[in-house]
Number of protein chains: 2
Amino acid sequence: MFSKSCKYAIRAVLHLAAFTAEERKLGVQALADSLEVPKHFLGKILQELSRQGIVSSAKGPTGGFFLSDADRQAPLSRVVEAIDGPEVFSSCILGLPVCGADNPCPLHFQALEYREALQEIIEDRSIAQVVEGALEKDLKL
Amino acid sequence: MFSKSCKYAIRAVLHLAAFTAEERKLGVQALADSLEVPKHFLGKILQELSRQGIVSSAKGPTGGFFLSDADRQAPLSRVVEAIDGPEVFSSCILGLPVCGADNPCPLHFQALEYREALQEIIEDRSIAQVVEGALEKDLKL
DNA sequence: AATTTAAAAGACAAAAACATCTTTTAATCT
DNA sequence: AGATTAAAAGATGTTTTTGTCTTTTAAATT
Ligand code: FES
Ligand code: FES
């Protein structure tokens, strides 16, 4: 489903959403420690997310990454699109050139069901809402 | 979700189930042409499926690959397990070391919903049943 | 027995994904 | 201004996945 980069990206964004703000930034080192992922690799990913305006960052001492209030309003699908591209949810699970109700593959309708459950949380809810839900349920981020 | 190899494998097995039998085999060349996938790559995959007893094969002239009646009774999950390993359906969608209701990731419950839809067709039905359903709906294999 | 056919097997090559390391830039603090 | 800190940027390295090519083996046909 998601590439490793994308998994790291989603986890990083959710973590930043839960624990940072303009005045409470987090460095790559600290974030990498929390998520237990390779620091430099995560740095690359954050770089890209920052370039695309999905996360905010500041250089220098007291610098680091964080999610602004505006950043939080975006859906998680922006992260997925930024890293894995926009095709993840629209492409055929068996790799057929087109996925659709006309000319569907044998797994199409079941795959669609899967996708829709995920799309709800990825596309229809904001990052802020996802984190809120997760914190209510006491999930670790 | 599935690796490219696994996608090819699933499509190949379904095609073989629909169009071959002990007395009506199909060569890699013909199969690769039908599925529009690279011949030698497909050959490798079929080799592995054959080694694991998921598809049947015969060498020499009039040789080729086919699905025996016994082969057809297996679920598609055998193909998936043979190529991508058994973890595909049980591992966390965000790559956490364990996936479960205790310590679930923020996407866990939605991911589960997806998975279950797919597991129904992959694990609970035989290859023969999947193909039958597909042929009824006039899907291309 | 010789020839042909097609899978089995394995070596090899290219590309993508994953990961690390170093240098540069910019902000803060002294 | 100089030192320090941390992201930005980019070069480099490794591994996995994907794909191709060649040789070997075995069966069928002549
Ligand atoms: S056609 Fe395969 S998932 Fe839609
Ligand atoms: S814990 Fe992530 S999908 Fe189950």
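Excluded from the calculations below are hydrogen atoms, water molecules and symmetry mates; all remaining heavy atoms, backbone and side chain alike, are included. The sequence lines fix the lettering, A, B, ..., with proteins before strands; numbering per chain opens at 1. Small disclaimer: the values here were computed from a predicted structure and weren't measured.
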Any base atoms under 4.0 Å from A/Lys39, or only sugar-phosphate, or nothing? Heavy atoms, all strands.
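Contact class for A/Lys39: none.
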Against A/Val13, only a single residue in A/Ile45, A/Leu49, A/Leu141, A/Asp71 fulfils side chain to side chain contact (heavy atoms under 4.5 Å, CB included); can you say which?
A/Leu49
Closer to the 5' end of DNA chain C via nearest nucleotide, is it B/Lys59 or A/Cys6?
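Looking at DNA chain C, the more 5' nearest nucleotide goes with B/Lys59.
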Would you kindly give the [atom1]-to-[atom2] distance between [X] and [N], to the nearest whole Å?
| X | N | atom1 | atom2 | answer |
| --- | --- | --- | --- | --- |
| A/Ile83 | C/dA16 | CD1 | P | 17 Å |
| A/Phe41 | D/dT15 | CZ | P | 15 Å |
| A/Glu22 | C/dA27 | CD | C1' | 14 Å |
| A/Glu87 | C/dA16 | CD | P | 16 Å |
| B/Glu48 | D/dT18 | CD | P | 14 Å |
| A/Leu42 | D/dA6 | CG | P | 15 Å |
| A/His40 | D/dA6 | NE2 | P | 13 Å |
| A/Gln52 | D/dA8 | CD | P | 13 Å |

N/O (side chain, [X]) to phosphate O (OP1/OP2, [N]) under 4.0 Å:
| X | N | answer |
| --- | --- | --- |
| B/Thr62 | D/dA27 | no |
| A/Ser50 | D/dA8 | yes |
| A/Lys4 | C/dA19 | yes |
| A/Lys44 | D/dA7 | no |
| A/Ser57 | D/dA6 | no |
| A/Ser5 | C/dC18 | yes |
| A/Tyr8 | C/dC18 | no |

Just checking, A/Lys7 and A/Phe2: is the charged tip under 6.0 Å from the six-membered ring centre and within 45° of the axis?
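No.
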Report the C-alpha distance between A/His15 and A/Leu26 in whole Å, list the side-chain angles of each, state the deciding distance to 0.1 Å, and finish with yes or no for side-chain contact (heavy atoms from CB on, under 4.5 Å).
CA-CA 10 Å; A/His15 192 92; A/Leu26 214 51; 3.8 Å; yes
Could you tell me whether B/Arg78 and B/Glu81 make a salt bridge, using a distance below 4.0 angstrom between a side-chain N and a carboxylate O?
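Result for this pair is no, no salt bridge flagged.
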Is any side-chain N or O of A/Gln47 under 3.5 Å from a base N or O of D/dA9, one able to act as donor and the other as acceptor?
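Such a pair is found, so the answer is yes.
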Kindly point out which of D/dA7, C/dA27, D/dA27 is positioned nearest to the side chain of A/Pro61?
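Out of D/dA7, C/dA27, D/dA27, the nucleotide with an atom closest to A/Pro61's side chain is C/dA27.
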Run the side-chain contact (heavy atoms from CB on, under 4.5 Å) check on B/Leu35 and B/Tyr8 step by step: do they pass?
CA-CA 8 Å; B/Leu35 303 180; B/Tyr8 291 167; over 6 Å; no
